[in-house]
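See structure below.
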Amino acid sequence: MAKKTVKKQSAKKETKYVYFFGGGKAEGKASMKELLGGKGANLAEMSSIGVPVPAGFTITTEVCAYYYKHGKKKPAVLSKQIELNIAKIEKAMGAKLGDPKNPLLVSVRSGAAVSMPGMMDTVLNLGINDEVVEGLAKKTGNERMAWDSYRRFINMFGDVCMGVDHHAFESELTRIKKKHKRALDTDLTIDELKEVVAAYKIVYKKSVGKNFPTDAREQLGYAVNAVIGSWMIERAIAYRNINKMHGLQGTAVNVQAMVFGNMGAKSGTGVAFTRNPANGDNKFYGEYLINAQGEDVVAGIRTPDPISTLKKKMPKIYKELDAIRTKLERHYKDMQDVEFTIQEGKLYMLQTRGGKRTGLAAVKIAVDMVKEKMITDKVALQRIEGEHLNQLLFPILDPAARLKAVAAKRVVAKGMPAGPGAACGKIVFTAEDAVKWVAKGMKVILVRKETSPEDVSGMWAAEAILTSTGGATSHAAVVARGWGKCCVVGCGALDIDDKKKVIRVDGRVIKEGDEVSMDGTTGEVILGHVDTSSSPVVAGIVEGQKAALKHPICKIFTEVMKWADKYRQINVRTNADSPKDAKNARALGAEGIGLTRTEHMFFEGERIWAVREMILADDLVGRKKALKKLLPLQRKDFEGIFKEMNGLPVTVRLLDPPLHEFLPHDAAGQKEMAKRMKITPAQVKSKVDALHEFNPMLGHRGCRLSITYPEICEMQARAIVEAACNMSKKKIKVLPELMIPLIGTKAEYDILADLIHETAKKVMAEKKMKINYMVGTMMEIPRATLVADKVAENAEFFSFGTNDLTQMTLGYSRDDIGSFLPEYLDKKIFLEDPFATIDQVGVGELVKVGVKRGRQTRKKLKCGVCGEHGGDPESVKFFVRAGLDYVSCSPYRVPIARLAAGQAALEK
Ligand code: PEP
Ligand code: MG
């Protein structure tokens, strides 16, 4: 009795490392992806729902993890479990591994929890040797196929399992083809294939030092090791890093009975999507080859036929395949990407998985599946990624034209994608040239090492902006994103010589006027022209073209936005500096302005001269005189914005950047300024030098400017309140929120808030009216978040400026992170660029602290975020959890923020 218990217990303890599938049954299921990998889990699922799958088994990802933890050794019980499962395959398929009379061949394939296409190794046709090949020829009646499989197996096994140089096999094949005057592999006769096999065995022995293994079990052992080993090969590691696939425990190994698509006219193989992955159309989409093996379809040697033609060629098989298509979609409730093989008139499914799709297809499929009642709007909403939606808003590089450019090796560099869409134009190196060339009717791309506010007019004129330095919140990125303009930053491979007006990259020279195309979604920089296709969403919703509103793409976009708004619990505002931006953002669903950067208005038209006059002034009188000129211009700007946002809150931030940013730094600019100001260039230079700071980001900027020059704050407060009064008189509803930037102490806030209230009071007395307004502050300095309870005694709202908060918390310059970020990501110090996606545990913690402490003092304190993170889906979800009332982002990110906020509500 006691003995029996012991036995039972030890049996119970043995870890199950192998899961069988086949014959309408399976030990695994789709939800076991972590353990069985995506491929294994889905093969099991297909098998158990009655889809024809060749029998096989999956060795779990735990074996892979064990292998690397134990000095490349597999668990002791594994071989016994494998043996048991080989017997099960043999039973299901009615054939035996290594049996020359009735041979079973197997494939050995990798498959991690997340798909890594083509990154790891595969061995096909395993189990052949000199006797089995004869048996296979007899069994299939296809001697050619048997010998072709044998030579392919020796090549693949040698290459994948033993590291034999693939070229050594290739050169033998070429030699034999030449000898017999054969152009294609398929021209080789059976005898010639036998000659290839003999030659391959010699190549193998020369390289490995041993004969080619004839025992099927031995072959299988090597193949399993090779597949597990391929988890750690360089390209697989690189792929996981690039695609941010972290925390996977390894690959599973799928051993499955081979079926042959190359057994004649009644056989074939193909790949298909259950719907069109490019545009989402609910049509079977794929291709196949008659009399071919899987690798022939992808290898591109023969051109496959579209799946629709299978209907005529093999009507019965097509009907069965089409029924499986419907069955799989209904079962998985998502579009699937499948592989199939037809062996002598019998159909087998070899793989199914969620199909990769373009943004357009993702949105269309989600909307259609809700209409088809396959999924609910909640499920559909969660399936759409921010970037999917983004793709609907911007012109994109025509996919076929892009592929052609890739094939022609015209992609010369890759930077950080910063502004959306795609563009094509002639390159220019200065903002002035951009303006001039555009005035002559040309399309240009402005190329700069980095941009500064001085470049804004050229940036606006250009189709796109390309820089070699800077990161996701650099000047170029922030400005371009705000406009919805294509932009690639930090493209370090470009050696920009703006004196000679050339770019040197990858051994090539691109000259001023040369045409370049850019993809703001991938960061690719491509030589020459690549066609773009435009977005009906922008034409309809932003530009108000009625016909575009009826476009199907516009309709599905509107539907998704409707769902997001139905579930969303926080507001989405926009960062806008002009009435035009405000109008666009409102059309895209913004519910207010979370940040108007007043300094951006200073660069427009003539106002820069008044700003410069103010900076140059030696005393208060001089400064006030210049500010007086600015007042009506600023007031007009605010009136325009208030009018566009009629009834919605508008947060206006007081002047923020250091003053030197408004002065010209080059000799020509300084000369021009001297002429206009009637002083000498030396005097201009001396002012520029006087304003020079070693660390301007930590220098005389933000509220510090208004503390030392209160007249600036006073002018701006007056312009805002006067504009509000004027608009209010015109029956336009105004809700101004005056925001003080970059405070670190309560005292800074109080001094400026008092000045603002005093000014507002004066203006309202002059205008003989009262308007509602609020005064609050940005939370950008870590200290401010820590003393938020004190600041909130007088501040009526907080807006987290997470760009500066990230910069100051991490101590990384937001303009220079590009120089070390790639390595930081590589070494996993950060998994994402912290200026693009909020560092939740560090910077995010300060946001939480700020909100909590602020609301301790003022229970209903309105809190929002206006850093670039406000348009990043993951960050938006974090801000929802942190209890913010709204996020604010650039106009063209508003739909993405709405989507993310809707998703966050569903995740709660
Ligand atoms: C911020 O720092 O997050 C912010 C919004 O201000 P700016 O980007 O203008 O410094
Ligand atoms: Mg800031």
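As the structure lists them, so they are numbered: ligands from 1, and atoms in each ligand from 1.
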Is the Phe394 to Tyr892 ring centre distance short of 6.0 Å? yes
If we number the atoms of ligand 1 from 1 as shown, the ones under 4.0 Å from a heavy atom of Glu780 are 1 (C), 2 (O), 4 (C), 6 (O)
Can you find an N/O atom of Glu599 closer than 3.5 Å to an N/O atom of ligand 1? no
Can you tell whether the side chains of Lys877 and Glu907 come within less than 4.0 Å, N to carboxylate O? yes
Check whether NZ of the Lys or CZ of the Arg Arg573 lies under 6.0 Å from the centre of the six-membered ring of Tyr886 and within 45 degrees of that ring's axis. yes
To check your reading of the model: name the closest protein heavy atom to atom 6 (O) of ligand 1, its residue, and the distance in Å. Arg653 NH1, 2.9 Å
If we only count N/O pairs under 3.5 Å, is Gly801 in contact with ligand 1? yes
Check: Phe662 ring centroid to Phe603 ring centroid under 6.0 Å: yes
Using heavy-atom distances, let me know which of Arg597, Arg814, Met779 sits nearest atom 10 (O) of ligand 1. Arg814
Given that the side chain starts at C-beta and the backbone is N, CA, C, O, which of these parts of Asn803 lies under 4.0 Å from ligand 1, counting heavy atoms, or is it both or neither? both
In Glu780, the N/O/S atom nearest the Mg ion (ligand 2) carries the name OE2
NZ/NE/NH1/NH2 to OD/OE distance under 4.0 Å, Arg814 and Glu780: no
What I want to find out is whether Asp637 reaches Lys643 closely enough, with some N-O distance under 4.0 Å, to be called a salt bridge. no
Phe879 ring center near Phe800 ring center (under 6.0 Å): no
Looking at the Mg ion (ligand 2), which N/O/S atom of Asp804 is the nearest one? OD2
May I ask you to identify, for Leu595, whether its side chain, its backbone, both or neither come under 4.0 Å of ligand 1 on a heavy-atom basis? side chain
As an exercise, identify every atom of ligand 1 less than 4.0 angstrom from a heavy atom of Cys866. 5 (C)
Looking only at the aromatic ring of each residue, does the gap between the centers of His660 and His700 stay below 6.0 angstrom? no
For ligand 1, indicate whether the residue Met778 contacts it via side chain, backbone, both or neither (heavy-atom separation under 4.0 Å). side chain
